[in-house]
A.B. asks: 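I am attaching a structure below and will ask some questions about it afterwards.
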Amino acid sequence: MPIFIVDDDAAILSSARFMLEGEGYTVATFESGSKLIAAFPQAKPCCIVIDYVLPDMTGLDAYERVRSSGGTAPVIIITGHPSAAIRAKVRQAGLPLVEKAFVEDLLGAIEAIGPLH
């Protein structure tokens, strides 16, 4: 099962894919929340990494829509703008938050979820 990564920044998608595939994970990328949502309910990712700031919705909005579409994979929110308000919203949703420039932090958060291979 792949790890889904959602970010409108092509460089982030590319670097995250490179890092995770180097660790043996399969990765699928999406440039927007709506493209992620279109993959459900057929998609069965093992984990979803969603940028908080997307062009069409917030990462939390995407998370909620995935859940309402039957998605059950663990979700990690990433952001380059870790304001107190964003941190509070993500914490209230019960999700982990990883700041961009996140290569090692993201890998640690994915490994903390448990065995995904």
Side-chain angles (χ1 to χ4, degrees):
M1 293 191 300
I3 294 174
F4 283 8
I5 303 174
V6 186
D7 200 304
D8 58 320
D9 184 332
I12 295 291
L13 291 178
S14 177
S15 64
R17 175 188 291 275
F18 179 79
M19 184 230 4
L20 292 171
E21 287 180 344
E23 294 292 326
Y25 294 102
T26 301
V27 176
T29 60
F30 303 85
E31 302 83 22
S32 68
S34 58
K35 288 184 179 182
L36 169 70
I37 293 160
F40 285 88
Q42 303 86 347
K44 302 291 182 210
C46 61
C47 175
I48 306 171
V49 178
I50 309 173
D51 186 13
Y52 186 85
V53 179
L54 294 169
D56 55 351
M57 64 185 73
T58 70
L60 288 180
D61 292 336
Y63 160 73
E64 291 169 4
R65 297 205 30 210
V66 163
R67 287 293 184 258
S68 69
S69 297
T72 59
V75 171
I76 298 167
I77 301 293
I78 60 174
T79 186
H81 311 283
S83 70
I86 289 174
R87 288 181 185 281
K89 289 176 184 177
V90 173
R91 186 178 18 232
Q92 185 176 16
L95 300 174
L97 177 69
V98 177
E99 292 181 37
K100 288 188 181 178
F102 60 84
V103 175
E104 288 149 19
D105 292 338
L106 178 59
L107 185 57
I110 288 170
E111 290 174 348
I113 291 171
L116 300 177
H117 291 284

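Below, all heavy atoms of this structure are taken into account, side chains as well, without hydrogens, waters or symmetry copies. A quick note: this is a predicted structure, and the numbers were derived from the prediction, not measured. Along the sequence shown, residues are numbered consecutively beginning with 1.
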A.B. asks: Calculate, to the nearest 0.5 Å, the distance between atoms CG and OG1 belonging to Asp51 and Thr58 respectively.
C.D. replies: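 So the gap between those two atoms works out to 10.0 Å.
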A.B. asks: Counting only heavy atoms not in Arg65, do more than 12 fall under 6.0 Å of its CZ?
C.D. replies: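 For Arg65, atom CZ is not crowded (no more than 12 foreign heavy atoms under 6.0 Å).
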A.B. asks: Starting at CG of Asp8, measure out to CG of Leu13 and round the result to the nearest 0.5 Å.
C.D. replies: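 The CG atom of Asp8 sits 8.0 Å away from the CG atom of Leu13.
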A.B. asks: Hey, is Lys100 close enough to Asp7 for a salt bridge, meaning N to O under 4.0 Å?
C.D. replies: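 Looking at Asp7 together with Lys100, the answer is yes, because their closest N to O distance falls below 4.0 Å.
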A.B. asks: Which heavy atom in Cys47 sits nearest to a heavy atom in Ala73, and how many Å separate them?
C.D. replies: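 Of all heavy-atom pairs spanning Cys47 and Ala73, the closest is N-CB, 4.0 Å.
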A.B. asks: Taking side chain as C-beta onward, heavy atoms only, is Val49 less than 4.5 Å from Leu20?
C.D. replies: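 Of all side-chain heavy-atom pairs linking Leu20 with Val49, none is under 4.5 Å.
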A.B. asks: Output yes when a side-chain donor or acceptor of Ser15 lies under 3.5 Å from a complementary backbone atom of Ala11, and no otherwise.
C.D. replies: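 Yes; judged by distance alone, with no hydrogens or angles, the pair exists.
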A.B. asks: Considering only Ile, Leu, Val, Met, Phe, Trp and Tyr, and joining two whenever side-chain heavy atoms are under 4.5 Å apart, list the other residues clustered with Val66.
C.D. replies: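 The other cluster members (ILVMFWY side chains, heavy atoms under 4.5 Å, direct or chained) are Phe4, Val6, Phe30, Leu36, Ile37, Phe40, Ile48, Ile50, Tyr52, Val53, Leu54, Met57, Leu60, Tyr63, Val75, Ile77, Ile86, Val90, Leu95, Leu97.
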A.B. asks: With a sphere of 6.0 Å drawn around CD of Gln42, does it hold more than 12 non-hydrogen atoms of other residues, nucleotides or ligands?
C.D. replies: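 Buried by this count: over 12 neighbours within 6.0 Å.
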A.B. asks: What's the shortest heavy-atom distance between Arg87 and Glu99, and which atoms?
C.D. replies: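 That would be NH2-OE2, 2.5 Å.
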A.B. asks: What I'd like to find out is whether the side chain of Cys46 reaches to under 4.5 Å of the side chain of Ile3, using heavy atoms alone.
C.D. replies: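 Side-chain contact under 4.5 Å: yes.
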A.B. asks: Please report the closest heavy-atom contact between Pro41 and Ser69, naming both atoms and the distance.
C.D. replies: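 The pair with the smallest heavy-atom distance is CB-O, 3.2 Å.
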A.B. asks: Output yes when a side-chain donor or acceptor of Asp56 lies under 3.5 Å from a complementary backbone atom of Ser32, and no otherwise.
C.D. replies: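 Flag not set: sc Asp56 to bb Ser32 has no pair under 3.5 Å.
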A.B. asks: How far does CD1 of Ile5 sit from CD1 of Ile12, to the nearest 0.5 angstrom?
C.D. replies: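 Answer rounded to 0.5 Å: 10.0 Å.
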